[in-house]
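Whatever order the structure lists them in is the order used to number ligands and atoms, beginning at 1. This one's a predicted model, so the numbers in the text were calculated from it and none came from an experiment.
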Amino acid sequence: MNDPKAVTGWSKIEGLDALAELALNLHWSWNHAADNLWKYLDPELWEATQNPWVVLQTVSREKIRAALTTLEFRQHLDDLLSTNYQSYKSDAWFQKKHPGFSLTAVAYFSMEFMLTEALPIYSGGLGNVAGDQMKAASDLGVPVIGIGLLYGQGYFRQNFDAEGRQQVLYPVNDPGQLPIRPLRQPDGEWLRLQIQLPGSKIWIRCWEASIGRTKLYLLDSNDFANTAAYRGITSELYGGDAEMRLKQEIVLGIGGWRLLRALGIQPEVCHLNEGHAAFAILERTRCYMEDHATSFHLALMVTRVGNIFTTHTAVDAGFDRFNPELVRKYLSRYAKEELALPLEDLLALGRQNATDISECFNMAYLALRGSGQINGVSKLHGQVSRQIFQSLFPRWPQEEVPIGSVTNGIHVPTWDSAAADTLWTTACGKKRWRGDRPVEDDIRQLTDAQLWQLRTASRKALIDRISVRYERQLASEGKRQLVATKIFDDNVMTIGFARRFATYKRPNLLLHNPERLIRLLSNPGRPLQLILAGKAHPQDFPGQALIEQWNNFIKHSEVGAHVLFLSDYDMLLAQEIVQGIDLWINTPERPWEACGTSGMKVLVNGGLNLSELDGWWAEAYSPEVGWAIGDGREHGGDPALDAVEAETLYGLLEEVIVPEFYDRNDKGMPSQWLGRIRESMARLTPRFSAGRAVREYTDHYYLPAAIGFRERASDNSKLGIDLLRWQKKIAEKWSNMRFGTMDSETHDNQHFFRIQVFLGDLDPHELRVELYANAAQGSVPVREVMTACEGCSDPNSQIYLAKVSAARPASDFTPRVIPYHANAFVPLETERILWGR
Ligand SMILES: *Cc1c(COP(=O)(O)O)cnc(C)c1O
C-alpha cells in the first residue's frame, strides 16, 4: 500500500524513491530543511497538511518528474539525503559518552505516540512524552525502538455546536496517507503476527515509521482475515469498554514483543511508558523460557532487571484495572499453555493481596512487579508515586518505596518556532540539542532588542495564524465570519491556556470571578487577550461542562472579543500557540499534575509561565523565571482552595505580571519582562528538554538495566538461579527470625548499640541489620548498617554493633533486619522487613 513501488508509474520516475525516503522519515517533523521541496510540489496542499507523504501521493507524476529534472530541486534532494544519511550513521552523544557499550536495543512501549499531526495516534501528554523521547533518542544516538498501535480512528476530534457544547468526530486514518509503510519480511511478504484470543487466533499487521535514526513499529488488527469484531480492536484510542482496553493491551504488550522477536531483535531493555503495555513483561518472560528452557519464575527473575516502568498518574484511580473474570477469559490459555503458570499466579502479579480472588488485576502492579526500576515523571510525582504504591511494601518507610523520578522534557526542535531556532542558532550553534554542552551563558548574551524582536514577530505570527484558523472553525460550525480583519491585536499581551479539560486541571479557575477577568481583559491601558483550547474525553461530562462554561462566557460577555476558544486542540495548534504566546497559564490542583509538558514548550520561544507549584513547575520555579500560585502543599480537595488560588492568580496578573509586560523603557521595550525571558530560556530550556530526560534514562536506567540483565542471564542464568533460591529462602524462613536483647549506652557524644538477633535458618550474609531513624525536621532518615560482632555469636544468635552520633536521642533509633543480596532489588524483589519495635 505504502510501498513506493506500488504507486502507479512509480518505479519509472528516476529519483522518486529518494523523495519517498525523505517523505517517510519523520525527521521532517522537526527539521525543516526539506520544506521547500514539498512546498515547491504543491504549496497549497503543503500549507494545509504539512504532510510530505500526502503531497507526494497527491501531486501528479508529471509534476514530480518535472521537478526531479530541475537541477536545483534534484541537487537539494540529493544533498538532504546524504546529509541525513551521514547524520544517522555518525557517532552521536551515546556513542561518544559510552564507547564500546553495545546496547542491543531499548524497546519503548507506549499506548500513544505524538510525533506529528500527520500521524494522529495520540491523545495528549503521554503520547507527547513518548514522541519527544523517540526524537531525542534519535538525536542522541540511543538505540531506542518504539512499539505502539496504529489506530484506525485514533483519538476523537472536536467541534462545537451552536450552544458551545463539544461535539465528537471520528475521521478515519487512511493508512495509505500516513507516513508509514508496511513492515515487510526479507522476501517481501508483509509481516503479520498471530495472537490467540478467545474463540480464534487473530492477525496483527505490522507497520514501520522512521524517526530519524530510530524506528517506531505499529500494530493493527484491521486485517481482512479477522472477524469484524477483532478488526476493530485498534480502532479508537481510549475508546470502548474495559474489555476493549484489555484486548488492545494484549495486542500492544504481547503482540509488540512478538513483533520484535519476529524481526530478530533482542532488546536488553524494555521501557514501559505507563502500565498499559505491561503484558510485554509476560511475553518477554515467555521468550526467555522458550530460549533457555527455564521455569516462568526463573525467566522473570532474569528478565525483570531489564524492564523499566514509568508511571504517569498521580492518582490510584488512574491505573487500568481489569475484572479477574475478564483476565481469565483472555489469558487463562496463555498462562497455562504458554507460561506454564496457574492463572491465579498470573493474577497475583496484578494484585495487592495475592490471595484475594475478588481483587481486580492492576496493570501498574504487574508493571511494578515485573520491572527492576520504576520512576515517576517529576520529583514531586516520584514522591506521590511512593505514596500510591506504599501498600505494596507494607512496613517499609515511604521514602524507601523503590520508585525514583526522571522529570519529563520536551523535544526542543519540535516545539521551537523558525524564528526562535534562528536566534538560538546564532547564540549557541546548530548542534545545541544533540549533546550535553551547557548553553546557559550563550543565551544570556542575547540583547533586549533581539528578544523583543522575537516576541513581537512570534505574537504577530500566532495572531495571523489563529485568525485563519478561527475563520475555518466558524465555517465548520456553520457560521460565517463577519469581519475579515484580524481578530486580535498584535501588540496586546496574549495569554494561552490549552490542555485537556479535566476537572483537576481547573480550566475554569480564571473564570472564578468573571467580573474580575473582564476587568483584566478590557483594561484600556493594559488589555489582555486570551487563547483557549482543549478537549474533554467523551465520557468526561464534568470536563465538557467546563468547555461550555467558557464558550458561554465568550458568547455573553462584552469582552467576548478578547477571548478565543479554538476547537480541536492538537499538536499543530499546540505548536502555534506555544510559539507565539506571552504567558502560559496552568492551574492544576496539586499534586494531580504528574509533570505537565505544555509549559516547557513555551520556554525556548520566550514565553513565560504562571503556574501552580505542581509537577515540573514545583521544581522549575524561581522568582527570576516566572510566577507561581499555590503554597507548595497539598490541600486534599479542600473546597475553599479554588477561591484562595484564584485570588492569587488575579492578584499576580493585576499587580505584577500585566504591569511588567506594559512597563516600557525609552526604547519601547519591557526590559524587566525581557530579563525574565532571558533567565527562563537560559536556565529552564535545557533542563526541561527531552534530550536531558533521555540522557538521564540512558545513564541511570537503561545501561544499569542492560548490565543487570546480562549478569543475571549469563552462564545459563547462574545468578538468576541464585537469586531465585535466595528469594525463596527468604520467603520461607523469614518468619523464624527474631530480635533478642537490645542495649544501648551513651558516652563521648555517641550511642553504642548492641543488638542480638536470632537468625533462624538464615545465613548472616543473606540479611542486613540496620539502625533506622525517621527524618528529623526536613533532613533525610538515618540508616546505619550494623556490623556482626566477631566471636560474640552463639549457635542460635548473632550480636550486631553500631555507633551513631548522640545528636538525636537513642530512642529515635530502631533496629531492623532487611533481606540482602548484592544483586537483588530490595524491597522490590522481597518486601520482607523485621523491626525491633
Ligand atoms: C503538550 C501537549 C499536551 C500535554 O500538555 P500538558 O501540559 O500535560 O497539559 C497535550 N496535548 C497536546 C496537543 C500537546 O501538545
Going by the angle between their ring planes, with limits at 30° and 60°, are W424 and W433 parallel, tilted or perpendicular? tilted
For the residue pair F389 and F309, does the interplanar ring angle fall in the parallel (under 30°), tilted (30 to 60°) or perpendicular (over 60°) class? perpendicular
Per the side chain to side chain donor-acceptor pair (under 3.5 Å) rule, which among Y238, Y155, Y122 passes with E112? Y238
Hey, does [X] come in under 3.5 Å of ligand 1, counting only N/O atoms on both sides?
| X | value |
| --- | --- |
| K601 | yes |
| S123 | no |
| K505 | yes |

What do we get for [X] next to ligand 1 when only non-hydrogen atoms under 4.0 Å count, side chain, backbone, both or neither?
| X | answer |
| --- | --- |
| T597 | both |
| M114 | side chain |
| W415 | side chain |

Taking only Lys NZ, Arg NE, NH1 and NH2, and the carboxylate oxygens of Asp or Glu, determine whether D570 and R157 approach each other closer than 4.0 Å. yes
F501 six-ring face occupied by K535 cation (under 6.0 Å, within 45°): no
Could R499 and F497 be counted as a cation-pi pair, given that NZ or CZ must be under 6.0 Å from the ring centre and within 45° of the axis? yes
Atom indices of ligand 1, in the order listed, that fall short of 4.0 Å to a heavy atom of [X]:
| X | value |
| --- | --- |
| D570 | 13 (C) |
| G124 | 10 (C), 11 (N) |
| G596 | 7 (O), 8 (O) |
| A574 | 15 (O) |
| N128 | 1 (C) |

Apply the ring-ring contact (aromatic ring centres under 6.0 Å, His included) test between W627 and each candidate in W673, Y621, W617; give the one that qualifies. W673
In terms of residue, atom name and distance, what is the protein heavy atom nearest to atom 7 (O) of ligand 1? S598 OG, 2.6 Å
re atom 11 (N) of ligand 1, the protein heavy-atom contact at minimum distance is Y569 CE2, 3.5 Å
Look only at the side chain of R455 and the backbone of N605, and say whether a donor-acceptor pair between them is shorter than 3.5 Å. yes
Keeping the roles fixed (side chain from D416, backbone from A420), state whether a donor-acceptor pair exists under 3.5 Å. no
